[in-house]
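Take a look at the structure below.
Letters A, B, ... mirror the listed sequences (proteins, then strands); counts begin at 1.
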Amino acid sequence: MTEDFIHFDKNDELCIIYVSGEVDLSNSAEVRKTILSALKTTPEVVVNLAHVEYIDSSGIAAMVEGLQFANSHGKTFGLSKPSKQVRSILELARLDQVFRID
Amino acid sequence: METNNNETVIEVKDLVTHYGQRKILDGVDLDVKKGEIRVIMGGSGSGKSTLLWHILGLYQPTEGQIKLLGKDIHRISFNEQLQLKQDIGVSFQSGALFSSMTVGENVALPLREFTELDENTIRIISRMKLEVVNLGGFHKLMPSQLSGGMVKRAALARSIVMDPKLLFFDEPSAGLDPVVASEIDDLILSLRDTMGMSMVVVTHELDSAFKIADKITVLDNGKNLITGTVEEIKKSENKRVMDLLQRRSRHDKLNPKDYLKRLTQENYTLT
């Protein structure tokens, strides 16, 4: 599952992390690790959520931790193309007003 | 969220239970689909809270079967019970917050008990849930410092902290002013719509029931009087249902012999 549900494209300036399928307690640690690793080596990280069918609170928390890390280290972090389900969860917690969402 | 609305997530079959010799539930059936909000209504003593406690596995029935997410709750292993507990959230009438813990610690408790998430993640998730119930920034307060409505919302935050598939409410808006009660109703609807949670709500608040229910089950004397949509319940010509909707108290025809027995027999018990 970890091989399939997350991959990334990276250059010196930007890392785009593509997540798909379901993100829950069983794999959110992998998302978190990937985001934090990318932020340590790249000035800007974007997580593409277009193909995420379900994300639980631990998955959303991984995004929040990414933003927390980026803000405290002068990096840029954002989300892109959240699926309808992801967007509605972000809106429920009003995190749509916190993240940069493209 | 895409859901298979034909999937039954709560199934109760022919549930019978007694308190002493008194029959409290008398052959109750219940079938709740995924993503459905089922409201259980009934007068005081109708068995609605007892039904809830049985579905949660807190009481053992005399007869009958209860399946949650396809699993018979009385025939599953300890490990399956643990897994099921993580898929269930309960919001008790009293709130049932631990008075010695802060609001944040109360909300985080299930995450600490059931997961191996690190403290930073637990903090983020529990505070996010407080934001959802409009208690952002209240995590350091003690339950005694909250109003009644805030306690209910904090309890709701704790009940959803594990992102449960099934959510149970016992009188979520009882004792709240109409504005706060309406906020709780809106929250319940939002959780169903965004997370696809299936819910059972025990309430005697008619306005709330009509606002949130996909279907309503009315219990009377431990029996399922009627199950239907809000419109079907409103149109029902069953006298007991009409009494309930019009808030008329129950006036059973008096049985003079039984009445005299209740007054005079030393060992009289309800049957």
Side-chain angles (χ1 to χ4, degrees), chain A residues 2 19-37 39-40 47 49-73 77 79 81-99 101, chain B residues 1-4 34-35 82-83 85-87 89 104 107-137 139 153 156-165 167 183 186-197:
Chain A
T2 51
V19 184
S20 61
E22 298 190 355
V23 182
D24 57 25
L25 280 173
S26 69
N27 58 10
S28 58
E30 182 75 14
V31 175
R32 175 177 180 259
K33 192 173 134 194
T34 305
I35 290 171
L36 294 180
S37 296
L39 280 166
K40 283 173 187 166
V47 181
L49 299 164
H51 298 293
V52 172
E53 291 156 16
Y54 171 81
I55 189 166
D56 75 355
S57 297
S58 66
I60 299 288
M63 307 298 152
V64 174
E65 285 183 79
L67 184 61
Q68 180 188 17
F69 185 93
N71 287 348
S72 60
H73 290 80
F77 181 80
L79 308 178
K81 301 181 175 60
S83 59
K84 192 179 165 194
Q85 193 263 347
V86 177
R87 184 173 279 280
S88 65
I89 290 175
L90 292 170
E91 286 172 357
L92 185 67
R94 292 181 295 173
L95 284 167
D96 58 318
Q97 299 169 51
V98 176
F99 285 108
I101 301 176
Chain B
M1 173 170 195
E2 276 189 34
T3 56
N4 173 7
K34 189 173 182 179
L82 270 183
Q83 179 56 49
K85 277 185 182 176
Q86 295 178 46
D87 288 330
V107 175
L109 193 61
L111 293 171
R112 295 210 166 94
E113 192 176 347
F114 290 117
T115 75
E116 293 175 350
L117 293 169
D118 64 273
E119 271 307 304
N120 194 40
T121 305
I122 287 176
R123 185 186 311 116
I124 290 169
I125 294 175
S126 53
R127 291 189 189 177
M128 194 162 67
K129 299 301 178 183
L130 284 169
E131 293 285 344
V132 168
V133 300
N134 208 16
L135 284 179
H139 53 275
R153 280 186 279 150
L156 176 53
R158 185 177 59 185
S159 71
I160 60 171
V161 79
M162 293 286 295
D163 299 323
K165 295 185 174 82
L167 195 49
E183 283 175 7
D186 290 340
L187 260 175
I188 289 171
L189 289 168
S190 292
L191 290 170
R192 190 272 308 273
D193 293 342
T194 55
M195 307 291 288
M197 291 176 185

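- Side-chain atoms of A:Ser57 and B:Val161, non-hydrogen and from C-beta on, never get closer than 4.5 Å to each other.
- Separation of atoms CG (B:Asp163) and CD1 (A:Ile89) is listed at 7.0 Å; rounding is to 0.5 Å.
- For the atom pair A:Ser58 OG and B:Leu111 CG, the distance stands at 9.0 Å (nearest 0.5 Å).
- Ranked by heavy-atom pairs under 4.5 Å with chain A, the list B:Val133, B:Ile125, B:Leu117 is led by B:Ile125.
- Interface residue B:Thr121: backbone and side-chain heavy atoms are both found under 4.5 Å from chain A.
- Counting heavy atoms from C-beta on, the side chains of B:Phe114 and A:Leu25 never come closer than 4.5 Å.
- Within the 4.5 angstrom heavy-atom criterion, no atom of A:Glu91 approaches chain B.
- Atom CG in A:Leu92 sits 7.5 Å away from atom CG in B:Leu187 (nearest 0.5 Å).
- In this structure, B:Asn134 and A:Arg94 have side chains that are in contact, with non-hydrogen atoms separated by less than 4.5 Å.
- When heavy atoms are compared at a cutoff of 4.5 Å, A:Arg32 approaches chain B solely by way of its side chain, counted from C-beta outward.
- In terms of heavy atoms, A:Glu65 sits closest to B:Asn120 at OE1-ND2, 3.1 Å.
- Taking each heavy atom of A:Ala93 and B:Glu131 in turn, the nearest pair found is O-CB, 4.2 Å.
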